[in-house]
Amino acid sequence: MKNRLKELRVAKKLSQKDFAKAFNKFINENSEYYVFNGKGQKKKISYATVSRWENNRTPIPTDYYKSLADFLEVPINYLQGLTMGRKDILRVLNNAYYDFLKYPKVTALIGSINDLLALLDIPSPKDSLTINDLNTFSVKACNYWDKNFDFLFVCDQITYLLDLPRKSVSNERMESQIISAIEETEIALTSTEISKLFDNEADFVLKDYYFNREKLVRFNTKDDIELYTFNLMHCLNDFLNKMQKLPENSKKQYTPQIAQKRLNELIEKKKKAHLYNYPA
């Protein structure tokens, strides 16, 4: 399994030479990371060493994994390439779209991608990338998906995947989680005055009734069932009455500008809730 040293170095915008210099300085300032040669001298790494490590021509010595991981601010198993990573998710998006262009069939994932791009008025991959970009998952293609689908990495469905061993997650499972995350985000971005009222007035009661319905109709008296159901009907009726005073649903309530603002706010909210813990 290839390590992620190059990916993480590039994310920090460091050349191999600058990385070696910064890493050596980091080690020199933290005695717990010292590595000594046979003469008892502190070892330093060169940019050539960085190149060999990145290309797997030389395995990263065990002595360096802890210091590298701490310097790059990622878990050791992520640096080693053993767990799911950001690029794994982005590659699924890219490959699905490439397959769509080759064999035009709108799958659930493609439908979710297209809906989200349309909602935010983002140019499609077809208009932004070449077929070769998509086929090779070029840097340009990776940047396109990373820029426009960055929100995925604050979604529980995706952060959950990033903790799993790479080999244990199938492509189908990733697609399913991505679809769920996109659809959940789209719901949050397209709220209207009516949907906000429903969320506040009726959503909880309706969900509670739905989730308890099987036990309700089997283990309760008719009076209990009637009361429980009446409470639901009262709540829904109250929602309908209040709804009449609200403006009709319209896309004017979630223009691309409004949707983008909501997306930014959603990302910030989840960052503050400590749900944004994936490696950069």
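- Heavy atoms of other residues, nucleotides or ligands lying less than 6.0 angstrom from CZ of Phe36 number more than 12.
- A side-chain donor-acceptor contact under 3.5 Å links Asn200 to the backbone of Lys196.
- Ser191 has its side chain within reach of Arg262: a pair of non-hydrogen atoms, C-beta onward, lies under 4.5 Å apart.
- The nearest pair of heavy atoms linking Asn55 to Ser51 is ND2-O, 2.8 Å.
- Close placement of the Phe149 and Phe151 rings is indicated, their centers lying within 6.0 Å of each other.
- Summarising the geometry of Ala20 relative to Val50, their closest heavy-atom pair is CB-CG2, 4.1 Å, with the distance given to 0.1 Å.
- Tracing side-chain contacts under 4.5 Å through hydrophobic residues (I, L, V, M, F, W, Y), one reaches Leu164 starting from Phe153; they form part of the same cluster.
- Of all heavy-atom pairs spanning Asn220 and Lys215, the tightest one is ND2-O, 3.4 Å.
- Counting heavy atoms from C-beta outward, Leu162 and Asp88 have side chains that stay 4.5 Å or more apart.
- Once rounded to the nearest 0.5 Å, the distance linking CZ of Arg52 with OG1 of Thr49 reads 4.5 Å.
- Remark: Ile187 CD1 to Ile182 CD1 distance equals 13.0 Å, nearest 0.5 Å.
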Q: For side chain to side chain contact (heavy atoms under 4.5 Å, CB included), just list the numbers for Tyr144 and Ile122, CA-CA rounded to whole Å, side-chain angles, deciding distance to a tenth of an Å, and then say yes or no.
A: CA-CA 10 Å; Tyr144 171 88; Ile122 296 171; 4.1 Å; yes

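- By the 6.0 Å and 45° rule, Lys42 stacks over the aromatic ring of Tyr34.
- Here the side chains of Gln177 and Val92 are not in contact, with every heavy-atom distance at 4.5 Å or above.
- In this structure, CG on Leu263 lies 5.5 Å from CG on Leu189, to the nearest 0.5 angstrom.
- Lys261 places a side-chain heavy atom less than 4.5 Å from the side chain of Glu265.
- The side-chain heavy atoms of Phe23 and Ile45, taken from C-beta on, include a pair separated by under 4.5 Å.
- Thr83 is not listed as a side-chain neighbour of Asp163, based on a closest heavy-atom distance of 4.5 Å or more.
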Q: I would like to know whether Leu109 and Ile178 meet side chain to side chain contact (heavy atoms under 4.5 Å, CB included); could you show each step before the answer?
A: CA-CA 8 Å; Leu109 179 54; Ile178 291 171; 3.7 Å; yes

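- Scanning all heavy atoms of the two residues, the minimum distance from Cys142 to Phe137 falls at CA-CE1, 3.7 Å.
- For Ser112 (side chain) and Ala108 (main-chain N/O), a donor-acceptor pair under 3.5 Å exists by modelled atom type.
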Q. Would Trp145 and Leu152 satisfy side chain to side chain contact (heavy atoms under 4.5 Å, CB included), going step by step from the backbone distance to the final call?
A. CA-CA 10 Å; Trp145 296 109; Leu152 286 174; over 6 Å; no

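- When every heavy atom of Arg166 is checked against every heavy atom of Lys2, the shortest pair comes out as NH1-O, 4.2 Å.
- Residues Asn171 and Met174 are in side-chain contact: their nearest non-hydrogen atoms beyond the backbone lie under 4.5 Å apart.
- Residues Tyr33 and Ile76 share a single hydrophobic cluster, defined by chaining ILVMFWY side chains whose heavy atoms lie under 4.5 Å apart.
- Tracing side-chain contacts under 4.5 Å through hydrophobic residues (I, L, V, M, F, W, Y), one never reaches Val217 starting from Phe230; they form parts of separate clusters.
- Here the options are Leu119, Leu266, Thr190, the test is side chain to side chain contact (heavy atoms under 4.5 Å, CB included), and the partner is Thr185; only Leu266 passes.
- Looking only at distances, a side-chain donor or acceptor of Arg4 sits under 3.5 Å from a matching main-chain atom of Tyr78.
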Q: Evaluate the criterion salt bridge (Lys or Arg N to Asp or Glu O under 4.0 Å) for residue pair Glu268 and Lys272; output intermediate values, then yes/no.
A: CA-CA 6 Å; Glu268 287 304 313; Lys272 292 178 180 177; 5.7 Å; no

Donor-acceptor contacts, no H, no angles, side chain residues 58-69, under 3.5 Å, sequence neighbours left out:
{"from": "Lys66", "atom 1": "NZ", "to": "Asp70", "atom 2": "OD2", "distance (Å)": "2.5"}
{"from": "Ser67", "atom 1": "OG", "to": "Tyr64", "atom 2": "O", "distance (Å)": "3.0"}

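- We find that Glu201 and Lys242 are joined by a salt bridge, their nearest charged nitrogen and carboxylate oxygen being less than 4.0 Å apart.
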(Q) Could you walk me through whether Tyr97 and Ser124 satisfy the side chain to side chain contact (heavy atoms under 4.5 Å, CB included) test, starting with their C-alpha distance in whole Å, then the side-chain angles of each, then the deciding distance to 0.1 Å, before giving a yes or no? (A) CA-CA 10 Å; Tyr97 206 89; Ser124 72; 3.9 Å; yes

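- In this structure, Asn94 contributes its side chain and Leu90 its backbone to no donor-acceptor pair below 3.5 Å.
- At distances below 3.5 Å, not a single donor-acceptor pair connects side-chain atoms of Ser250 with backbone N or O atoms of Gln253.
- At a threshold of 4.5 Å between side-chain heavy atoms, the hydrophobic network of Ile, Leu, Val, Met, Phe, Trp and Tyr places Ile194 and Ile258 in two separate groups.
- Hydrophobic clustering, with ILVMFWY side chains joined whenever heavy atoms are under 4.5 angstrom apart, keeps Ile27 apart from Tyr47.
- In this structure the side chain of Phe198 reaches within 4.5 angstrom of the side chain of Leu206, judged on heavy atoms.
- Panel note: side chain Asn237, backbone Met233; no donor-acceptor pair is recorded below 3.5 Å.
- The backbone N or O of Phe204 lies less than 3.5 Å from no partner atom in the side chain of Asp208, so there is not a single donor-acceptor pair.
- In this structure a side-chain-to-backbone donor-acceptor pair under 3.5 Å is present from Arg9 to Leu14.
- The backbone N or O of Thr130 sits less than 3.5 Å from a side-chain atom of Asp133, completing a donor-acceptor pair.
- Going from atom CG of Leu216 over to atom CZ of Phe211 covers 14.5 Å, rounded to the nearest 0.5 Å.
- Put simply, OG1 on Thr192 and CG on Leu197 are 9.5 Å apart, with the number rounded to the nearest 0.5 Å.
- Side chain of Arg173 to main chain of Val169: no donor-acceptor pair is present (N/O by atom type, distance under 3.5 Å, no hydrogens or angles).
- How far CD1 of Ile110 is from CD of Glu175: 8.5 Å, rounded to the nearest 0.5 Å.
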